[in-house]
Every structure is written in C-alpha cells, then in structure tokens.
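Inspection log for the structure reproduced underneath, given as structure tokens.
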Amino acid sequence: MGNTVTITYNGQQYEYPIVEGTMGDIAVDISKLRGETGLITLDAGYKNTGSCVSNITFLDGEEGKLLYRGYPIEQLAEKSTFVEVMYLLLEGELPNQQQLADWKSTLNEYNFVNERVEKILNGFPSEAHPMGVLASLTSALTAFNPKSVDPSKHTDMYHAAARLIAKFDILCAWTYRKSNNLEIVKPDTSLDYVTNFYQMMFKKDDNFEINPVIVNAIDKLLILHADHEQNCSASAVRLVGSSHAGLFASISAGISALWGPLHGGANQAVIEMLEMIKKDGGGLQKWVDKAKDKEDNFRLMGFGHRVYKNMDPRAKIIKKAADDVLDQLGIDDEVLDLARGLEEVALRDEYFVERKLYPNVDFYSGIIYRALGIPAEMFTVMFALGRLPGWISQWKEMRQNGEPIGRPRQVYQGATTRDYVDISNR
C-alpha cells in the first residue's frame, strides 16, 4: 500500500504513513495509533520520537553535519555574525543590507531594562547561581512586558524577539557582575551587539579597550550555540509554549533545562575535571589511563557527543578561536596547559581516535571562558545567550504551526485497584 509501515496487532493490520524530511530523515507517523489500536509507543527520553516537523535546524550526527535553515555551520561561523544568524533563525532567510540595518536598529531600540529589574537583581545574594538568577530575571520581564505576543502577526513576533534578545545580553552581563560583586555597566548602543555585551561584562574603568580577538571568539561561540535541533532545552521551550504560556515564561523554562549538568553544564564540568586533575598532582597520563579502563568510573568530560558519532563540526571551528585567544592573552595557567595536553592525547591516541572520542564544543568553549576569566558557574549563562534566538525560533514555529499542547503518555506499572484502609487498621 505504498510507502507505509504495517503494524499487526490482535490479528489485524494497521497502515501508517512514512514522512520524509528534505535531508533524508525518515519517520513513521503514528499520530492515529492509539485511536485505532489502543496502543501507545514507549520511548524513554524520546530518543526515537519526532516531536514535531521543523524547518529550523538539521543535524546529522553520523556525518558530523549541522545546518541552520540549510546553511552549513562552517560557512556561517566563517562569514556571518551572531546578529545576522539571529535574523536567519527567526526569519528563515539571511537578511539583505536594509533588513540587517533595520534589525540592528530594532535591537538598539530595546537595549535597556527597567530600573526595577535592577532592584530585583540586587535582591539576590552574590553567591546565588547565575543560572537561577537569569531564569528568574527572564521570567520577571513578563511583568514589565505584559502584552501577550500574537505569533501569527509578523510585526508582533519580530518586536517580541528583538525585545527579549536586546534585554537578555544585559541580564547575562549583569548576572556576571552581580556574582563577582562588581558594579553593573550600562549598555552602549554605539557598539555592535557582541561588543556591547563584552564591555558590559568586562569593563573596569574608562581605560578599558576592546580586544577584537576576544570579541571574534565570543561571536563565533554564540553562533555555534544558536540552535541544535530538538535538544532538552528546546523541547522544554516548545512543551511549555504548547500550553500557550508566554514567550518569556517559555524561555525561562529553557534556561532551567539548560542549567542541568547533562545539558548546558558540560563545559563547566570540563574545567572542574581539569582542576581535579591539577589538584591530584598525578599527571595527565594517570587520568588518560583511567578513562581507557572499562572498570573505572572516571570519564573524560568534553570528549565525544551523544549525537555526533564523528567529530563535532562546531569543535573544529572553535578550536582555532581557542588557540587565537590563548595566544593573544598569553595566559600562564596550569589548568589550560592540562587542557592542551589532553587535547593532543585525544587527537593522536589510537584509543580515542578509533572510538571517535574527539574534543567537542564544550571542551573548547570551557577553555575560552576560563581564559577570559569567566568563572565556571557562568559558562552556562554564556551558552544561554547564544541559544536564545534558537529557543525563540522554536517557540515561534511551534505556535505558528498550531501544534497541540504537549501531553506524553505513560505505561503504568503501579499497584492495581485496591480499597482504602483506615489508618487504625494499617
């Protein structure tokens, strides 16, 4: 019966159509399965479940391929800017000169936060985790932008995205300043988006100078993190948004999902691992041997990837930026020396090469952030800044497609029906 999949159950056959993507991915549409058969599928973690049809990002882990709206990540990182990539993800096409100028102007228009948000920031203790602060401040923006967004109206969605993106870099920078007991630095709209963020993060006095090598590295990192298909945080944004929760609330949920060490916290784990190796004093080879030992629980953080079965294409790009930053700053740091030593081992050692356990984007981003003096607990905030346009694009697409509220099923294996027993008889 054509290109379908047949399921035989209780002596009856049921046909379900095949859905093909433009890049060769294939799915079975089982949306009518439960209604027709009473069956559901069981897929813990949704590893084999397509939750949506999307036009935003394509990822091929076997081939090490990542495309934003069809454009290879390698080309975007080399030729584009983060601001241009934002527009591409949100609008579906690269902007022409006028569209890019208008987009930059709109971002500048919204590049401020209400002074009462600053008071909320000051209410947090300096030891509060930056991701908790960022999620709270993002949710709090709802109070200062109470008008709901109509995703079907292009102008509404365009300005809502710009408003959140323009304020989010301020929240990220101020979260960093707060955690380091530094005075906040106001945005400077005469600067481009990434340079403005850089100065809000690191400016100490009027003698502060912009370092183009560092700005370039940050810009590339943000591009590389801008979207990554239906990962945990993107799925969280779509799931929360499917209830028609507002944009700010949905993005706050994505921040919380990203906070987890199995998702956005991986680059922080890289530095923590390197600091542990340094503290141990036993040398790098000891830990390489432990990583190779199947009986040992130790695992190298920042090597290999759950999705990419080849080298993470983002890692190839950011490796050069990491080398440029380290060469530019000339930092004497034993932890970063260990990182470079570990990188050399992983790229040459037969054990790692055979298993394709290459350094990934988390490894190199952790090195860059460490070199810039950004504390490990701030790494995920930097990740969130890059991922924001992807989250907004996912939310926008989900709402514009009229997707139903997310409601996974379950297989219940608890107690069967039983009668209540009075407390005196238990």
Which heavy atom of Leu121 sits nearest to which heavy atom of Lys178, and what is that distance? O-CE, 3.5 Å

Does Asp206, at its CG atom, have more than 12 non-hydrogen atoms belonging to other residues, nucleotides or ligands within less than 6.0 Å? no

Answer yes or no: does atom CZ of Phe298 have more than 12 heavy-atom neighbours from other residues, nucleotides or ligands under 6.0 Å? yes

Relative to each other, are the rings of His228 and His305 parallel, tilted or perpendicular (30° and 60° limits)? perpendicular

Side-chain (Ser136) to main-chain (Gly132) donor-acceptor, under 3.5 angstrom: yes

A quick test of your reading: do over 12 heavy atoms of other residues, nucleotides or ligands sit less than 6.0 Å from CG of Asp327? yes

Evaluate the side-chain proximity of Ile374 to Phe202: yes if any heavy-atom separation is below 4.5 Å, no if none is. yes

Considering residues, nucleotides and ligands other than Arg409, do more than 12 of their heavy atoms fall under 6.0 Å from its CZ? yes

Return yes if a side-chain donor-acceptor contact under 3.5 Å exists between Asn111 and Thr189, otherwise no. no

Check: Ser252 main-chain N/O paired with Ser256 side-chain donor or acceptor under 3.5 Å: yes

Could you please spell out the steps behind the side chain to side chain contact (heavy atoms under 4.5 Å, CB included) verdict for Ile223 and Ile317? CA-CA 11 Å; Ile223 290 173; Ile317 299 164; over 6 Å; no

Strictly below 4.0 Å, N to O, side chains only: are Lys396 and Glu91 in salt-bridge contact? yes

Got Tyr158 and Asp102 here, is their nearest side-chain heavy-atom distance under 4.5 Å? yes

Where the side chain of Tyr358 meets the backbone of Ala315, is there a donor-acceptor pair that is under 3.5 Å apart? no

Distance-minimising heavy-atom pair for Leu224 and Arg314: O-CD, 3.3 Å

Heavy-atom closest pair, residues Ala77 and Lys220: O-NZ, 3.3 Å

With a 6.0 Å cut-off (strictly less than), is the heavy-atom count around NZ of Lys104, excluding the residue itself, greater than 12? no

Where Ala371 and Leu326 come nearest, the two heavy atoms and their spacing: CB-CD2, 3.7 Å

Is Glu115 atom CD crowded by more than 12 heavy atoms from other residues, nucleotides or ligands, each under 6.0 Å away? no

Any side-chain heavy-atom pair from Ile214 and Ile218 closer than 4.5 angstrom? yes

Just wondering, more than 12 heavy atoms not from Arg340 lying within 6.0 Å of its CZ? yes

Counting N and O atoms only, with roles assigned by atom type, does the side chain of Gln268 sit under 3.5 Å from a partner on the main chain of Pro375, one being a donor and the other an acceptor? no

Would Trp395 and Val240 count as a side chain to side chain contact (heavy atoms under 4.5 Å, CB included) if you check the C-alpha gap in whole Å, the side-chain angles of each, and the deciding distance to 0.1 Å? CA-CA 9 Å; Trp395 186 91; Val240 172; over 6 Å; no

Centroid-centroid distance, Tyr198 to Phe208, less than 6.0 Å: yes

I would like to know whether Met382 and Asn267 meet side chain to side chain contact (heavy atoms under 4.5 Å, CB included); could you show each step before the answer? CA-CA 10 Å; Met382 301 292 292; Asn267 49 15; over 6 Å; no

Could you check if a side-chain atom of Ser179 sits within less than 4.5 angstrom of a side-chain atom of Glu377, using non-hydrogen atoms only? no

Could you check if a side-chain atom of Trp287 sits within less than 4.5 angstrom of a side-chain atom of Met276, using non-hydrogen atoms only? yes

Apply the side chain to side chain contact (heavy atoms under 4.5 Å, CB included) test between Met86 and each candidate in Leu107, Leu388, Leu222; give the one that qualifies. Leu107

Return the minimal non-hydrogen interatomic distance between Pro404 and Ser242, and the atom names on each side. O-CB, 3.7 Å

Counting N and O atoms only, with roles assigned by atom type, does the side chain of Asn401 sit under 3.5 Å from a partner on the main chain of Glu403, one being a donor and the other an acceptor? no

Kindly say whether Asp227 contributes a backbone atom to a donor-acceptor pair with the side chain of Thr57 at under 3.5 angstrom? no

Does a sphere of radius 6.0 Å around NZ in Lys286 hold more than 12 heavy atoms from other residues, nucleotides or ligands, not counting ones at 6.0 Å or beyond? yes

Is there a side-chain contact between Phe144 and Val113 in this structure, where contact means two heavy atoms from C-beta onward sitting under 4.5 Å apart? no

Evaluate Arg238 against Ser51 for side chain to side chain contact (heavy atoms under 4.5 Å, CB included), listing each step before the verdict. CA-CA 10 Å; Arg238 292 184 83 121; Ser51 62; 5.5 Å; no

What class does the angle between the rings of Tyr87 and Trp103 fall in, given that below 30° is parallel, 30 to 60° is tilted and above 60° is perpendicular? perpendicular

Close side-chain approach of Lys292 and Asp349, heavy atoms under 4.5 Å: yes

Between Phe383 and His225, how do the two ring planes meet: parallel, tilted or perpendicular, split at 30° and 60°? parallel

Taking all non-hydrogen atoms of both residues into account, name the closest pair between Leu274 and Ala339 and its distance. CD1-CB, 3.7 Å

Should the pair Lys203-Asp188 be classified as a salt bridge under the 4.0 Å nitrogen-to-oxygen rule? no

Does either side chain, that of Glu118 or that of Asn122, offer a donor lying less than 3.5 Å from an acceptor on the other one? no

Would you please test Asp43 and Lys47 for salt bridge (Lys or Arg N to Asp or Glu O under 4.0 Å) and show each step? CA-CA 7 Å; Asp43 182 22; Lys47 304 295 186 185; over 6 Å; no

Examine distances only and state if a side-chain atom of Asn108 and a backbone atom of Thr106 form a donor-acceptor pair shorter than 3.5 Å. no

Below 4.5 Å, heavy atoms only, C-beta onward: do Met157 and Lys153 meet side chain to side chain? no

